[in-house]
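One structure below.
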Protein chains: 2
Amino acid sequence: MGLALAGALADRGHTTTVWNRTPEKADGLVANGVHRAGSVAEAASASPVTIMCLKDYGTMYDVFDSARDALKGRVLVNLNSGTPKEARAAVAWAAEHGIAYLDGAIMVPPPLVGQPGSVFLYSGSRDVFDEHRATLAGMGDPRYLGSEPELAVLYNTALLEMMYATMNGYLHATAMVGTAGVSAVEFAELAVGWFMPTVLGPMVAEEAPGLDEGTYPGDLGTLEMNLNALEHITRTSEEQGVHTGQPRLMQEIAAQAVAEGYGGNNYLAVFEVLKKAPRTR
Amino acid sequence: MGLALAGALADRGHTTTVWNRTPEKADGLVANGVHRAGSVAEAASASPVTIMCLKDYGTMYDVFDSARDALKGRVLVNLNSGTPKEARAAVAWAAEHGIAYLDGAIMVPPPLVGQPGSVFLYSGSRDVFDEHRATLAGMGDPRYLGSEPELAVLYNTALLEMMYATMNGYLHATAMVGTAGVSAVEFAELAVGWFMPTVLGPMVAEEAPGLDEGTYPGDLGTLEMNLNALEHITRTSEEQGVHTGQPRLMQEIAAQAVAEGYGGNNYLAVFEVLKKAPRTR
């Protein structure tokens, strides 16, 4: 990812200096005119803005401990993932050391960085964002979410979860039809070619206002009916010998919502269960 | 759903006779020229094709036990959901009683029946499907999946699972950002307006051939990295006080795939775990 970020910035004519724990990873960039720093402090001193993408916040403190003085009065943009608590702690750490700080999240895989459709999320200091917007735009469309520093990592985590849940749903469904000899390519034609964009996408899109209002009218179908369908999915998974964890969990969550009195509401009422910490596990 | 099916057929000029356990449910249809039968046998005798939509296969046997003679030599189209085993048993039951039988599944909610974009899946007897295709087309685009009778219910169950998994992923993600005061409408703008169609849809669409081949090249990212991301999602869910069941389950499944030697493959290798019965639960 670091290669992709530095490459995108250099391609747009920004003077770019890179540092990586494994220096030779930058050989290709250096051949294209990017500067290679011998230390983190040297890299941080070379530019008004330092963009970092590391494994996590703990690694950030380790790596930048030696470069705190170099960063003083400069801007540090953090693109690694973390938790909201970690994002807030990083803002305090930066303030303590006189570093202007912005938290961000990369929403595309490395090959799409700098390409049309690339989106980067940012939160925290509006001033830092506005002042360096043009630089940030070199990597992808920069979207500012608000002054709460945790917004970027929280959005990132939430969107990742959507991605994994959707992917797991698709894969488990593919495993299910596979038990009757249907190939993944054949199933994808209907599941991804028709169902996802035509039925699923619009259905999800319409739900948001009801979630904010906490109203889940059951006039087009009730959670009781959905629970029946989920039990059915679990039973079919058992019968076909595929994994049952996912349908069983969804069934448990729906059953809890029914037990809490939402049986006559629509399926979205499971939101009331998902908003809370789990009772058991 | 029965009302929607009968209404769509009658609207297209088919002579339609209905039966429901609660006769007055058909008052609106009857006012529009649909015939109301006093018994299941009377309804079955009235037409060459009987279309049924009940809670499950058990209910089908209860309801049609009294109409077996009336159905002899006629066609019964079953649109309720069930398991593959139940679908195969129903074919045997129909054959035993001299009933031509087709299994199907409705892929749209009642308001979309008969509308453009409505899709119905069928499997089993190709002859029955071909002969009555025009009648079936009155309810929605009829798609024939193959001669194995369980294909319609299995596709239906698999697509439903995709729907629930995607919906749960979206709802849990909305709960997650909600902890920082982000409204569902605000989150949907990015999550459903941009992420789902632009990133998620195409990503899922590209995966099918790899699943059939069982090849999961890790060159753009490995399952080890994804496991790290899933642990992170679980940790953030805990920290924010929302439900943790879903990210934790996905983490467990990914961890099992890593334990089975797929750590250097890409995320899709979890398919190898999902294809099998679970080890514990």
Side-chain angles (χ1 to χ4, degrees), chain A residues 81 83 85 109 117 148 150-151 154-155 157-166 168-177 180 183-185 188 191-192 195-198 200-201 204-205 208-209 211-212 220 229 232-233 235-236 239 241-245 247 249-250 271 274-275 277-278 281, chain B residues 81 83 85 109 117 148 150-151 154-155 157-166 168-177 180 183-185 188 191-192 195-198 200-201 204-205 208-209 211-212 220 229 232-233 235-236 239 241-245 247 249-250 271 274-275 277-278 281:
Chain A
S81 57
T83 68
K85 202 183 280 182
E148 298 297 326
E150 71 265 36
L151 285 170
L154 196 54
Y155 261 79
T157 305
L159 291 170
L160 274 180
E161 155 136 56
M162 261 180 73
M163 183 192 77
Y164 283 113
T166 303
N168 275 32
Y170 163 67
L171 292 174
H172 190 271
T174 303
M176 194 109 84
V177 296
S183 74
V185 166
V192 189
F195 188 68
M196 194 174 276
T198 313
L200 200 48
V204 175
L211 300 181
D212 283 333
L220 284 183
H232 172 76
I233 296 171
R235 200 154 53 94
T236 301
E239 194 174 302
V242 298
H243 207 275
T244 53
L249 173 67
M250 296 196 291
F271 190 49
L274 294 173
K275 280 195 284 189
R281 48 188 305 164
Chain B
S81 57
T83 68
K85 202 183 280 181
E148 299 297 327
E150 72 265 36
L151 285 171
L154 195 53
Y155 261 79
T157 306
L159 290 170
L160 273 181
E161 155 136 55
M162 259 181 74
M163 183 193 77
Y164 283 114
T166 303
N168 275 32
Y170 163 67
L171 292 174
H172 190 270
T174 302
M176 193 110 82
V177 296
S183 75
V185 167
V192 190
F195 187 68
M196 194 173 276
T198 313
L200 201 47
V204 175
L211 299 181
D212 283 334
L220 285 184
H232 172 74
I233 296 170
R235 199 153 53 93
T236 300
E239 193 174 303
V242 298
H243 207 275
T244 53
L249 173 66
M250 297 197 290
F271 189 49
L274 294 173
K275 279 195 286 189
R281 49 187 306 163

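Per chain, numbering begins at 1; letters A, B, ... match sequence-line order. Given the structure is predicted, the values throughout are model-derived calculations rather than measurements.
- The choice from B:Ala205, B:Ser81, B:Ala175 that makes the most heavy-atom pairs within less than 4.5 Å of chain A is B:Ala175.
- Annotation: side chain of B:Lys275 is not in contact with side chain of A:Thr174 (no heavy-atom distance under 4.5 Å).
- Interface check for chain A: of the options B:Ala191, B:Ala184, B:Pro247, B:Pro197, the most heavy-atom pairs under 4.5 Å are formed by B:Ala184.
- Judged by distance alone, the side chains of A:His232 and B:Thr157 do bring a donor and an acceptor atom under 3.5 Å apart.
- When all heavy atoms of B:Met162 and A:Gly169 are compared, the pair lying nearest together is CG-O, 3.7 Å.
- The backbone N or O of A:Ala165 lies less than 3.5 Å from no partner atom in the side chain of B:Asn168, so there is not a single donor-acceptor pair.
- Atoms NE2 and CG, on A:His243 and B:Leu274 in that order, are 6.5 Å from each other to the nearest 0.5 Å.
- The candidate from B:Glu150, B:Met250, B:Arg235, B:Glu148 with the greatest count of non-hydrogen atom pairs under 4.5 Å with chain A is B:Met250.
- Atom-to-atom distance recorded for A:Leu249:CG and A:Thr244:OG1 is 11.0 Å, nearest 0.5 angstrom.
- Of the listed residues B:Val192, B:Leu171, B:Leu151, the one with more heavy-atom pairs under 4.5 angstrom with chain A than any other is B:Leu171.
- Heavy-atom distances place the side chain of B:Leu200, and not its backbone, under 4.5 Å from chain A.
- Only the side chain of B:Met196 has a heavy atom closer than 4.5 Å to any heavy atom of chain A.
- Of the listed residues (B:Leu211, B:Thr166, B:Asp212, B:Thr236), the one with the most heavy-atom contacts under 4.5 Å to chain A is B:Asp212.
- Heavy atoms closer than 4.5 Å to chain A are found in both the backbone and the side chain of B:Pro209.
- Residue contact with chain B, scored on non-hydrogen atoms closer than 4.5 Å, involves the side chain of A:Phe195 exclusively.
- Here the side chain of B:His172 pairs no donor or acceptor atom with the backbone of A:Glu161 at under 3.5 angstrom.
- When B:Ala180, B:Pro109, B:Gly201 are compared by the number of non-hydrogen pairs under 4.5 Å with chain A, B:Ala180 comes out ahead.
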